[in-house]
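For the numbers below, each heavy atom of this structure counts, side chains included, while hydrogens, waters and symmetry mates do not. For clarity, every value in this text was computed on a predicted model and none was experimentally measured. Each residue takes its place number in the sequence, starting with 1.
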Amino acid sequence: MEEPYDVIVAGAGIAGAIAAIAASQGGAKVIMLDRNNDNEVGKKTNWGWVCGDAVAKSHLDYLEKELGIRLEEPELDKKVKGIFVLSPDMQNKFKFEGEGYSLDRPKLARKLLGIALKSGVEYRPGYEVEGPIVSGEVLEGVYGKDDKKQDYRIKGKIVIDALGMASTLRRRLPQNKYIEREISIEDIESTGRYIMHVEQAEPDTNFYDPENALIHLNQVLAPGGYGWVFPKKGNRINIGVGVEKRSLDKRNKKLGKNDTLHKLIDDYVAYNKAIKNPSIDNTDNNGKGYWSVSVRRPQHSLVFANYMGAGDSMSMPNPISAGGIGPAMVAGILSGKTAAEAIAAKDTSMKFLWQYNTRFNEAYGSKTGALEIFRIYLQSLNDDLINYGMAHFLTPEEAEQLTYGTIPELSVLGTVRKVVSGIANINAFKGLLYTAKKMKRLLELYAKYPKDMSGFDAWSKEVYAEIEDMKKKYQANPV
């Protein structure tokens, strides 16, 4: 057994590496463990760093402001003007997010590792983290297999869990009321993507836009989720699909099909009439990949006894877009800084660490409950209803506000009844009204996030009840 570290960071992906840097910059003695080798640091799965690779400029600005880390080429692969969502019939296009970048994830991971090493972080590649060392209900470190496949045990005053959605640390925590150890399958999307070289066929920026990232809503091509085409440098694209299992099962049954995620991605590539002669770019062995991502609000608490979580391990991806890079950056910064402050104060109690909860809620988490409500509503609509709704229910400005988790005045709702026809459309319109009301309620609840542990129980139960009510009322209905 080694001498205890101040902070153990498990996982060297975006959240983990940034947390380690922030904690070390704050004066803590930090060790970062990753199951991959140096050249593949932070690799998400055996396939690679699989992800949409998109991040908003605002998150990069936040990283530079808080830690002095400025990202540039080559890890910033291509600048995009915005992210746009298109209706299934391609007749309506709404802006989802503003200026951002398509990343080169392997290069970003290696860049962050270099910064971590220069910041004084001790890094151990090839270390598989199998679970927490627990004394009573307090975490005292982690155990697993080292780079020689030998058992190891490392003690630390604080453990930061950045192991991803299937985290062995979170799932092996003592039973507690703060952190859900398992994620419900109905809150998970199966996703996959290819990085491809392409040639432009007919120019159609609804299918491929070299200056903007595109998201396609289509319940037949991507039931319960969406497809995406994100441009990269050198006539390359990141193209992929995310689906929800219940929606896929219902879609397959209704259409008499047995399509898999792999089949859906291939169909989506073939469906894109703006590209031709696609071929896999397998640089860094990162050409294809499949993974699961949570599309719900983050864990109600991000801390437990001497334990903090950041990134996918805490269900932080955006519930609408499944984008996880931005919140992982925010969480890495805030968890690392809070951990360093706890070490300096010689107080690693859950009471002290609680401020990480309130900081993350203020910086990002406060909108996520409302976004989950909107995601549940969207998954209840078929393509015809999505087409009609995007054409008649909302203005592009109102839709953008909704996708940011804010509730617009919905000015058109006073007159929209005049153009709504058909019982299905009327019901969908009523659903939008109900959804907007529910989103407002979740925003109100998150504005009252408990400042300390004493109010957590009641708050958490109220949020859970609101979400469950929405799930019961609106079931997945893709076709």
Students often mix this up, so state it plainly: with edges at 30° and 60°, are the rings of [X] and [Y] parallel, tilted or perpendicular?
{"X": "Y178", "Y": "F304", "value": "tilted"}
{"X": "H392", "Y": "Y388", "value": "tilted"}
{"X": "Y271", "Y": "Y268", "value": "parallel"}
{"X": "Y377", "Y": "Y474", "value": "perpendicular"}

What's the shortest heavy-atom distance between [X] and [Y], and which atoms?
{"X": "P317", "Y": "V293", "answer": "CG-CG2, 3.6 Å"}
{"X": "S460", "Y": "H300", "answer": "OG-ND1, 2.6 Å"}
{"X": "M90", "Y": "N206", "answer": "O-ND2, 3.5 Å"}
{"X": "W49", "Y": "V41", "answer": "NE1-O, 3.0 Å"}
{"X": "L381", "Y": "A428", "answer": "CD2-CB, 4.2 Å"}
{"X": "R70", "Y": "E75", "answer": "O-OE2, 4.5 Å"}

Quiz item: Thinking salt bridges, do R296 and E180 make one under a 4.0 Å N-O criterion?
Solution: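 Salt bridge: yes.
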
Practice problem: State plainly whether the residues D267 and K263 are in salt-bridge range, i.e. N to O under 4.0 Å. | Solution: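 K263 and D267: salt-bridged.
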
Is there a donor in the side chain of [X] and an acceptor in the side chain of [Y], or the other way round, less than 3.5 Å apart?
{"X": "Y194", "Y": "N238", "result": "no"}
{"X": "N361", "Y": "S366", "result": "no"}
{"X": "N252", "Y": "N258", "result": "no"}
{"X": "D161", "Y": "Y307", "result": "yes"}
{"X": "N36", "Y": "D34", "result": "yes"}

Counting neighbours of [atom1] on [X] that are heavy atoms of other residues, nucleotides or ligands and sit closer than 6.0 Å, is the number greater than 12?
{"X": "N235", "atom1": "CG", "answer": "no"}
{"X": "E99", "atom1": "CD", "answer": "yes"}
{"X": "I280", "atom1": "CD1", "answer": "yes"}
{"X": "K471", "atom1": "NZ", "answer": "yes"}
{"X": "E73", "atom1": "CD", "answer": "no"}

Quiz item: Quick one: are R105 and I14 in side-chain contact, heavy atoms under 4.5 Å?
Solution: yes

Self-check item: Matching residue for L163 among L33, V129, V9 - test: side-chain contact (heavy atoms from CB on, under 4.5 Å)
Solution: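 So, applying the side-chain contact (heavy atoms from CB on, under 4.5 Å) to L163 and each of L33, V129, V9, only V129 qualifies.
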
Quiz item: Hey, mind stepping through N477 and R251 against side-chain hydrogen bond (donor to acceptor under 3.5 Å, both in side chains) and telling me if it holds?
Solution: CA-CA 8 Å; N477 187 33; R251 176 259 196 200; over 6 Å; no

Self-check item: Intermediate values then yes/no, ring-ring contact (aromatic ring centres under 6.0 Å, His included), Y127 and Y152
Solution: CA-CA 9 Å; Y127 271 58; Y152 76 82; 4.8 Å; yes

Self-check item: side-chain contact (heavy atoms from CB on, under 4.5 Å) assessment of I275 paired with E199
Solution: CA-CA 6 Å; I275 61 174; E199 297 174 22; over 6 Å; no

Exercise. Go through the steps for M439 and Y434 under the test side-chain contact (heavy atoms from CB on, under 4.5 Å), then give the verdict.
Key: CA-CA 9 Å; M439 291 178 73; Y434 185 85; over 6 Å; no

Practice problem: Tell me whether the centres of the aromatic rings in F94 and F84 are closer together than 6.0 Å. | Solution: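 No, too far apart.
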
Quiz item: Per the salt bridge (charged side-chain N to carboxylate O under 4.0 Å, His left out) rule, which among K245, R297, R375 passes with D187?
Solution: R375

Quiz item: CD1 of I18 to OG of S335: how many Å apart, nearest 0.5 Å?
Solution: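 Going from the CD1 atom of I18 to the OG atom of S335 covers 9.5 Å.
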
